[in-house]
Amino acid sequence: MQYQFPETFWWGSASSAPQTEGDSLSFGKSATIWDHWFQQQPGRFHQQVGPAQTSGFYQHWRDDIALLKQLNHNSFRTSISWARLIPDGTGAVNPQAVSFYNQIIDELLAQGITPFINLFHFDMPLVLQEQGGWENLEVVAAYARYADTCFQLFGDRVKHWFTFNEPIVPVEGGYLYDFHYPNVVDFRRAATVAYHTMLAHAQAVQHYRQRQQGGEIGIILNLTPSYPRSAHPADVKAANVADLMFNRSFLDPALRGSYPEELVALLKRHGQLPACQPGDAELLATGVVDLLGINYYQPRRIKCRDSLVNPESPFMPEWFFDHYEMPGRKMNPYRGWEIYAPGIYDILTRLRESYGNPRCFISENGMGVENEERFAHNGQIADDYRIDFVREHLQWVHRGLAEGSNCLGYHMWTFIDNWSWCNAYKNRYGFVQLDLASQRRSIKKSGEWFARTARENGFSG
Ligand code: BGP
């Protein structure tokens, strides 16, 4: 076989509680910022479909795990909903949530599928957002207690934990670019949220290690390689700032236990540095992860700015660069993201060369497509474009492995078409098609391809 992967390679997919569970305000769960925002501004969501309308994992978990098995998954990621487990954010545990997550974990294990559990996937409990969310250090402390509760309840069986999925996204969406609640536009507050998130991460890592449960703890970062338009020093400088802001702002604390000096100096120069407390540096240093999850969807192409900044405009990363539309780039037009498979290899190479080749895996990669029913053939979605997408990315992962990268697996986003935040059900990502009205599930052609690839531990050509 041309592309053979290591025997122990993780084949699977990723999902999250808020995007799959449904029953978003029942069985003891309290509201998250998503439930609240949807109630306030339904028009922000594609076809006004909100977080209550999902693939209903809360009800269909047994069937869904059977489908995972059919897809030959040996591992699967989902998240625990903080608002379901601890409805008031800080106090008593909801027993219905404990039984639900126990059932999931036990059933996955019974089917030979290793559970990867993430603790936070953009879903701040509303009651804590009302107290300031990540801007409030008491919320940071509450998160650490929540994390420790999860380790205590489930850590006997779960051996792969993640503190956060894409922690930069709530920063960008909620505090810079207005695509998540609370729709603030304020860089310094965004930087505070980012900083406090990493303090919360480090506290959770400390708790996990204190318990000595024999597993590992990591974080999942969306890494977007920054490619300069040209070798001109102005373009290179601009791409470096984008890299500092969007990659190294989380990658360095997660892998080195501290922030890049260049980033700190830049923010200081512009009066955007968040407040620090004594002991923070020591705390951050303890947050170096055992395992890094890499979400990769698209590259970031950068050029130097063509115009001066409006001095009255809010301070933004884009004060230092412009986005560059490279002629001839291959696009996923539905999501508006460039498809560039070598980017996945560039990330692995960089981790190997500059970050000590950490244990890592591809924790998300995928392609959202609109109106997929038009590709139905004999009742099955013939999503050859998705097969090509995965195959091409895996070829680059394979090359990284051949050169010595410590990449342990590949998880696709996602298992079944799910609710994608403000895009709701516009773009479908799953190996399994979901008919939202009937909740009927049907495996797409890509699901069959993936099942075969996982079984054979590789593919030809
Ligand atoms: C990642 C998130 C996922 C998922 C995916 C697809 O950023 O971790 O939750 O949603 O992207 O993106 P989108 O839903 O925005 O199309």
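Whatever order the structure lists them in is the order used to number ligands and atoms, beginning at 1. In this chain, numbering begins with 1 at the start of the sequence shown.
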Carboxylate-amine/guanidinium contact Asp106 Arg157, below 4.0 Å: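 Here Asp106 pairs with Arg157 in a salt bridge, since their nearest N and O are under 4.0 Å apart.
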Under 3.5 Å: N/O of Asn427 near N/O of ligand 1: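 N/O-N/O distance below 3.5 Å does not exist for this pair.
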Contact check: Asn423 vs ligand 1, nitrogen or oxygen atoms, below 3.5 angstrom: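 No.
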Phe459 vs Trp449, ring-ring contact (aromatic ring centres under 6.0 Å, His included): CA-CA, chis, key distance, verdict: CA-CA 9 Å; Phe459 56 91; Trp449 182 88; 5.5 Å; yes
Look at [atom] and say which protein heavy atom is nearest, naming residue and atom and giving the distance to 0.1 Å.
| atom | result |
| --- | --- |
| atom 5 (C) of ligand 1 | Tyr297 OH, 3.4 Å |
| atom 12 (O) of ligand 1 | Tyr429 OH, 3.3 Å |
| atom 7 (O) of ligand 1 | Glu166 OE1, 2.5 Å |
| atom 2 (C) of ligand 1 | Glu364 OE1, 3.5 Å |

Taking only heavy atoms of [X] into account, list the atoms of ligand 1 that are under 4.0 Å away from them.
| X | result |
| --- | --- |
| Asn165 | 8 (O) |
| Arg335 | 13 (P), 15 (O), 16 (O) |
| Gln19 | 3 (C), 4 (C), 9 (O), 10 (O) |
| His121 | 2 (C), 3 (C), 8 (O), 9 (O) |
| Ser420 | 10 (O), 13 (P), 14 (O) |
| Trp337 | 12 (O) |

Cys150 side chain reached by Leu85 side chain, heavy atoms, under 4.5 Å: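 Leu85 vs Cys150: side chains touch.
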Non-hydrogen side-chain atoms of Val369 and Tyr385 separated by less than 4.5 Å: yes
Validation row, ring centre Tyr143 to ring centre His201 under 6.0 Å: no
Over 12 non-hydrogen atoms of neighbours within 6.0 angstrom of CZ in Arg374: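 Buried by this count: over 12 neighbours within 6.0 Å.
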Spatial distance of atom OG (Ser13) from atom CZ (Phe76) [nearest 0.5 Å]: 5.5 Å
Check against side chain to side chain contact (heavy atoms under 4.5 Å, CB included), Phe45 and Trp34: CA-CA 10 Å; Phe45 296 78; Trp34 293 96; 3.9 Å; yes
